[in-house]
Each structure stands twice: as C-alpha cells, then as structure tokens.
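Treat the numbers as computed from the prediction; the structure is a model and nothing was measured. Start at 1 and go down the list; that is how both ligands and their atoms are numbered.
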Amino acid sequence: MLDKSRIPAHVAIIMDGNGRWAKERGMVRVQGHRAGMEALREIVKHSDILGVKYLTVYAFSTENWKRSLEEVSGIFKLLVLYVASELDELNRNNVRVNIIGDWSAVPEDARNSIKKALNTTENNTGLVFNIALNYGGRAEIVRSAKALAEKAAKGELDPAGITEDMFSETLYTGGMPDPDLIIRTGGEYRLSNFLTWQSAYSELVVTRLYWPDFTPQEYEKAIEEFQGRDRRFGGVKC
Ligand code: IPE
Ligand code: IPE
Ligand code: MG
C-alpha cells in the first residue's frame, strides 16, 4: 500500500519507449510521442493529487538532435499542442511550469509556447513542473563551471571557496531539492545524461512498460517501490 505520508518531494521521470510503443502497433514514431503526451497529462495531474512538490520530466535530450528532422520537429510540434491544450488547467491547478535545458535552441513556435507557459504560471505556488528540453546533465555542469569561473575571473569569487552547495545553486535546478526518485520507463538501466549531478543519491526505479502505457496506477507502484528502499546516504542504519 502507498504511504500517503511519505510521498517523495521530487520525482524525475525518463519518459522512454514511445518509439517502440509505436513500432509495436505499426505506427510512426511521432504517433508514439503523441500517445506519450497523453500519458504525461495524467502523470502531472496525479503528481499534484499525491502531493509531489517537484516533477521533472525528460522530454528532449541534447543527444536527441541525432534523430530525423521529421521526428524532432514532430516532438516540438507536440510541445506546442501540449501547452495549447493543458496550460489553462495547469494554471487552475496552481502548477508552476519551468524549463531546464538550453531551450534557446528549440524552434520558434515552441519557444513562444514555452514563454507563454512560463509567464502564465510564474506566480503559482503549487507543483513545480520542470520540463527538460534540450537538456544534458554534462552540458548543465559545464554551464555552471563557466558561470563560477567567470565570477572568479572577475575577482568576485575565491575558487578555493567553491562548495557543493554553491555549485548546486548554479544548476538549472538551483533552489530545488535533488530528485528522491528517478523513474525510467522502457526497461533500460541507464540515466542517458539526465540530472547527472542531482542524481547522486536518487533511488532508481525502472519499469519495462513503454511510456505511453505508464498509468497513475503504475506511478503509485513505482512510489511504493521507492518507499520500500533503505536510503542510507553512505551512513549505516541504526
Ligand atoms: C522517449 O521515447 C522520448 C524521447 C526520447 C523524445 P523514444 O523515442 O526514445 O522511444 P524508444 O526508446 O525509441 O522506444
Ligand atoms: C532518454 O531517452 C531521453 C528522453 C527520454 C528524452 P533516449 O531514448 O534518448 O535514451 P537512450 O538513447 O536509450 O540512452
Ligand atoms: Mg529511447
């Protein structure tokens, strides 16, 4: 049984398996992404219902540009559709949308939708919904290193005084807790450049289900599995 009093504060999800889901049905990959968007809609709602404070979803990685133009542009078109159909409800539910990753590189219509979603929800105080777009964990770390190096070069920061907390603050997730739980659908046991710094002590739950088949019920099962874990953070259990 799910313990409602021990819901992880930050859940991150690697939404993988859309392509295989489509292939199994004789559909094109973009149709898998469309079905994935429907799954996401339900998981965002359910995160709010369960009392998750931060939900971070991996929507497009810095490596996903290797895919065909058709697939890449299809994914960004879906983002535009997602914002058009979901923004009102997200806003009504007090959800704050946030983007992690270098979204300056995404197509203009998607950028406009993102700006609208960010502006509309910026003062909301409920669930923080991070969408990782053109996100890579290594790129994020390099970006932070550059920001700190620039401060040091200007004499505003002593390199010897750089701390882990300072570094964390300069990441896209600055001010947020690290993910307690990272769920990966699609059966692969890897992080694929997701939250490289922040995942140091995250619990990982992998399900073989493809992302479009991931339901709120499966989500609760993953959280239950998380609740059964013994998080030691390098210490010993008394
Ligand atoms: C994940 O599904 C979504 C994105 C990477 C955008 P995939 O498209 O990677 O699906 P599979 O892994 O090929 O089945
Ligand atoms: C990870 O899935 C990226 C997203 C879910 C957006 P990939 O399908 O890109 O990861 P790999 O290629 O299997 O490592
Ligand atoms: Mg994949």
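In this structure a side-chain-to-backbone donor-acceptor pair under 3.5 Å is present from Arg25 to Trp21.
With a heavy-atom cut-off of 4.0 Å, Phe194 does not touch ligand 2 at all. Counting heavy atoms under 4.0 Å from ligand 2, residue Lys66 does not touch it at all. For Ser61, no heavy-atom contact with ligand 1 is shorter than 4.0 Å. In Arg190, the part holding a heavy atom less than 4.0 Å from any atom of ligand 2 is the side chain.
Considering both main-chain and side-chain atoms, Asn18 comes within under 3.5 Å of ligand 1 through a nitrogen or oxygen pair. Close N/O approach between Arg67 and ligand 1 is found [any backbone or side-chain N/O within under 3.5 Å]. For ligand 1, none of its N or O atoms has an N or O atom of Ala59 under 3.5 Å away.
To the nearest 0.5 Å, atom OG1 of residue Thr125 and atom CZ of residue Arg96 are 9.5 Å apart.
The shortest heavy-atom distance from Glu188 to ligand 1 is not under 4.0 Å. The shortest separation from a heavy atom of Gly17 to ligand 1 is under 4.0 Å, placing the residue in contact.
With a cut-off of 2.8 Å, the Mg ion (ligand 3) has an N, O or S atom of Asp16 in range.
Which parts of ligand 2 touch Ser192 is read off a 4.0 Å heavy-atom cut-off, strictly below it: atoms 10 (O), 11 (P), 14 (O).
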